[in-house]
Enquirer: 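Pasting in a structure now, in C-alpha cells, and then I'll have a few things to ask.
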Amino acid sequence: MAKITTAVLQKMKQQSDKITMLTAYDASFAKLFAEQGVDVLLIGDSLGMVLQGRSDTLPVTISDIAYHTRAVRAGAPDAFVIADMPFMSYGTLELTLQSVVPLMHAGANMVKLEGGDFLLPTVKALTERGVPVCGHLGLTPQSVHIFGGYKVQGKTEAAADAMLAQAKALQDAGAQLLVLECIPTALAKRVTDALSIPVIGIGAGNVTDGQVLVMHDLLGISSGYIPKFSKNYLAQTGEIRSAIAAYVSEVKSQTFPTNDHSF
Ligand code: KIV
C-alpha cells in the first residue's frame, strides 16, 4: 500500500477513494490498524474520556497527546498520524507555536484544531511554518459548555451557511483536511462538494470523503452514552482484526454510515 501523505489524501478525494480514519492511542492498536489498511490514525483528545475516564476532553494536556503520539508512531512507523491539539493549547498564536513542537517531535504528520474564524491566522501561521493542519467544525467537543451539551450543529439555514463559509475560510488559510462532526448530512454534502481538500465525517452521513470513529466505539467498549453515529463492529464480527477490516470495507464501499447513524 502506498504511504499516505497529504498529497495522497488529496488524490483519494479526487478519485472518490474513501479515506478511513480511526483514533489510536497506543502502539499495539496502531500496528493492528495500519495492518488492516486504516489510512489515517488520529490521537484524539477523546483519550481524556476513553482512556482517562474524564467526563469531557477539556483536561487533556499537550504532554498527554505527545505521549500517546509517540506510542502510536512507534507501533505504526509508516502511518499518517494526526495529533489533536487539546483545549487552550492554541489559545494564542505564541502558545500554538510552542504547543505543536512536542507533537511534531513525537511523530505527528499533522495537527487538528477545533474551530472556525478565530483560527484563521493560526492555521496560516502553522502551515507557513511547515505544520500541516486539519480543521474541525460542527460539534467541536472542546466547546461543549458553550453548546450546552453534545448536540447536532448546523441545523438552521443560517448556521449551515456560516459553517460552509468557515470551512472555505479554513481551506483558504491553508488547512489540508477537515473533520465535520455531528451535522446534518445535507450540510456535510454542501461542504464536501465546495471544498477541494478532503472532508472526513463523524456523524455527518456517508457523503464526505472519508469517515472517522473513536476506536472504543468501534470495539463497543465505550462506557456511558453511545452516540447514534457510532457502530460496534466487534459485535458484528466477534474478532478485533475482522472488526477493523469490516469498518475499512464498509467505509470504502459507503455502506457505513447508514441513515440510522446520520442526522
Ligand atoms: O478526539 C477525537 O477523537 C476526535 C474525533 C472524534 C474526530 O476529535
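Each ligand, and each atom within it, is numbered from 1 in the order the structure gives. Fair warning: this is a prediction, and the values are worked out from it, not measured in the lab. The first residue of the sequence shown is numbered 1, and numbering continues consecutively from there.
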Enquirer: Could you tell me whether Asp84 and ligand 1 have an N or O pair separated by under 3.5 Å?
Expert: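 Yes; the residue has a nitrogen or oxygen that sits under 3.5 Å from a nitrogen or oxygen of the ligand.
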Enquirer: Do Asp64 and Thr61 get their side chains close enough for a donor-acceptor pair, meaning under 3.5 Å?
Expert: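 The answer is yes; a qualifying pair exists.
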Enquirer: Can you pull out the closest protein heavy atom to atom 2 (C) of ligand 1? Residue, atom name and distance to 0.1 Å, please.
Expert: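 Sorting protein heavy atoms by distance from atom 2 (C) of ligand 1 puts Ser46 OG, 3.3 Å first.
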Enquirer: Considering distance alone, does some N or O of Asp45 sit under 3.5 Å from an N or O of ligand 1?
Expert: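 Right, the criterion is met.
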Enquirer: Cation over ring, Lys231 on Tyr247, under 6.0 Å and within 45°?
Expert: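 Checked: cation-pi criterion not met.
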Enquirer: Apply ring-ring contact (aromatic ring centres under 6.0 Å, His included) to the pair Tyr233 and Phe256, showing each step before the final yes or no.
Expert: CA-CA 11 Å; Tyr233 281 94; Phe256 174 79; 5.8 Å; yes
Enquirer: Are side-chain heavy atoms of Val100 and Met85 found at a separation under 4.5 Å?
Expert: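 Yes; the side chains approach each other to less than 4.5 Å.
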Enquirer: Mark up the atoms of ligand 1 that fall under 4.0 Å of a heavy atom belonging to Gly44, in ascending order.
Expert: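 Counting atoms of ligand 1 from 1, those under 4.0 Å from Gly44 are 1 (O), 2 (C), 3 (O).
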Enquirer: For ligand 1, which atoms sit closer than 4.0 Å to a heavy atom of Ile202?
Expert: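 In order of numbering, the contacting atoms are 6 (C).
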Enquirer: Suppose I only count heavy atoms of Lys112 and a 4.0 Å limit; which atoms of ligand 1 are within that range?
Expert: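 Those atoms are 4 (C), 8 (O).
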Enquirer: Check each atom of ligand 1 against the heavy atoms of His136 and keep those under 4.0 Å away; list them by number with element.
Expert: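 With His136 as reference, the close atoms of ligand 1 come out as 8 (O).
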Enquirer: Check the side chains of Ser196 and Gln171 for a donor-acceptor pair under 3.5 angstrom, ignoring hydrogens and angles.
Expert: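 A donor-acceptor contact under 3.5 Å links the two side chains.
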Enquirer: Applying a 4.0 Å heavy-atom criterion (strictly less than), which segment of Thr57 is in contact with ligand 1: side chain, backbone, both, or neither?
Expert: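 No part of Thr57 is near ligand 1 at this cut-off.
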Enquirer: If you measure from each non-hydrogen atom of Thr23 to ligand 1, which part falls under 4.0 Å: side chain, backbone, both or neither?
Expert: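 Only the side chain of Thr23 comes within reach of ligand 1.
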Enquirer: Go through the steps for Asp193 and Lys189 under the test salt bridge (charged side-chain N to carboxylate O under 4.0 Å, His left out), then give the verdict.
Expert: CA-CA 6 Å; Asp193 289 350; Lys189 175 146 180 53; 2.7 Å; yes
Enquirer: If every non-hydrogen atom of Asp26 is compared with every non-hydrogen atom of Phe29, which pair is closest and at what distance?
Expert: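 Result for this residue pair: OD1-N, 2.8 Å.
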Enquirer: Any idea which part of Leu42 is under 4.0 Å from ligand 1, heavy-atom wise: side chain, backbone, both or neither?
Expert: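 It is the side chain that gets close, since no backbone atom is under 4.0 Å.
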